[in-house]
Amino acid sequence: MSTRIAFLKGHGTENDFVIVPDPENTIDLPPAAVAALCDRRAGIGGDGLLHVVRSASHPEAEEMAAEAEWFMDYRNGDGSIAEMCGNGVRVFARYLQRAGHVTEGDLAVATRGGVKTVHLAKNGDVTVGMGRAVLPEGDVTVSVGERSWPARNVNMGNPHAVAFVDDLAHAGDLLSSPPFSPAAAYPDGVNVEFVVDRGPGHVALRVHERGSGETRSCGTGACAVAVATARRDGADPTATGTPVTYTVDVPGGTLVITERPDGEIEMTGPAVIVAEGEIDADWLEAATSA
């Protein structure tokens, strides 16, 4: 390991990330190291970490290398591994553009949730093809204190429970994961979204992301919310042949989600790089072993 490690800091609708460029996958990032880097007081601070690796250099992405040169090795803020992060993909693409690896237009990014298509627009917005939603059968309930709500089970490459509430304050502090049942619905934990209506085709959410707590935004969560809202509203583009679009307000901004007739979901929103610097490797080693 070199004595200093390059990093950047970025966010998508205030869902923020530590970015560690490592094309050849030479930097060891165990969970404790990731948690230390994402610590908001003792580290750099972030909801998660984007480890930027060439697909051919990572054992989990080698099979995707022919489709996507770059692999988003995403980690939650506590160091655990996640399948996908929609805001993270946008910031990941923005970093690749900043570093000169890609230009405006289309590119492919490998993730543990599969290869995602990304479009970097001239106006600064980034659109990500998020794939299709899976809607598992079975009733799910989420709770906060004495209140409970039925929730829609939506999988966007990672699991979500979407509950419609009268007031976003009913979600509580979201510091810990809201209880859900049955436990078998989410054996590996779940992201929980609480949703209110703002108007026709317009909703707002708060979210608890597993491994991170409440975050300012969740891209896959916004997609899950759009799909759940569409089904609640009686809209299914795969059945009607008509796309549906929802504006989704998150605490950190606004995302626009479109579900197409072929079932593919597109998410559009901003992605910003705010800083870059170097990590002291001695500090990181000490923080990891503490």
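Positions are given from 1, in the same order as the sequence printed here. Just the heavy atoms: all of them, side chains too, but no hydrogens, waters or symmetry mates, feed the values below.
Annotation for E285: atom CD does not count as buried by contact number, only 12 or fewer foreign heavy atoms lying within 6.0 Å. The number of heavy-atom neighbours closer than 6.0 Å to CG of D125, taken from other residues, nucleotides and ligands shown, is above 12. A 6.0 Å sphere centred on CG of D166 holds no more than 12 heavy atoms belonging to other residues, nucleotides or ligands.
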Report task. Decide yes or no on side-chain contact (heavy atoms from CB on, under 4.5 Å) for I279 and W283, but give the supporting numbers first. Result -> CA-CA 8 Å; I279 302 162; W283 168 83; 4.1 Å; yes
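Contact detail for V140 and P182: the closest heavy-atom pair is CA-CD, 4.4 Å. A pairwise comparison of heavy atoms in V118 and A93 identifies CG1-CB, 3.7 Å as the closest pair. Minimum interatomic distance between C223 and M156 (heavy atoms only, all atoms of both residues): CB-CE, 3.8 Å.
A salt bridge links E14 with R216: at least one charged nitrogen is closer than 4.0 Å to a carboxylate oxygen. Residues E264 and K116 are not paired through a salt bridge, judged by the lack of any N-O separation under 4.0 Å between the basic side chain and the carboxylate. Using a 4.0 Å cut-off between charged side-chain N and carboxylate O, R206 and E214 make a salt bridge. The existence of a salt bridge linking R152 and E193 is excluded, since no basic side-chain nitrogen approaches an acidic carboxylate oxygen closer than 4.0 Å. Looking at R54 and E69, a side-chain N of the basic residue comes within less than 4.0 Å of a carboxylate O on the acidic one, giving a salt bridge. With respect to R40 and D47, a salt bridge is recorded, a charged nitrogen being found less than 4.0 Å from a carboxylate O. Salt-bridge check for D73 with R75: passed, with a basic side-chain N closer than 4.0 Å to an acidic carboxylate O.
The side chain to side chain contact (heavy atoms under 4.5 Å, CB included) test with F92 is passed by exactly one of F71, F17, W70: W70.
With hydrogens and angles ignored, the 3.5 Å screen pairs no side-chain donor or acceptor of H160 with any backbone N or O of V162. In this structure, D106 contributes its side chain and H119 its backbone to no donor-acceptor pair below 3.5 Å.
Using a 4.5 Å heavy-atom cutoff, the side chains of V20 and V52 are not in contact.
Under a cutoff of 6.0 Å and an axis angle of 45°, R232 and F164 form a cation-pi pair.
Linking Ile, Leu, Val, Met, Phe, Trp and Tyr residues whenever their side-chain heavy atoms come within less than 4.5 Å leaves V134 and I265 in two separate clusters.
A donor and an acceptor atom, one from each side chain of Y186 and N155, are nowhere located under 3.5 Å apart.
In this structure, F194 has its ring center closer than 6.0 angstrom to the ring center of W149.
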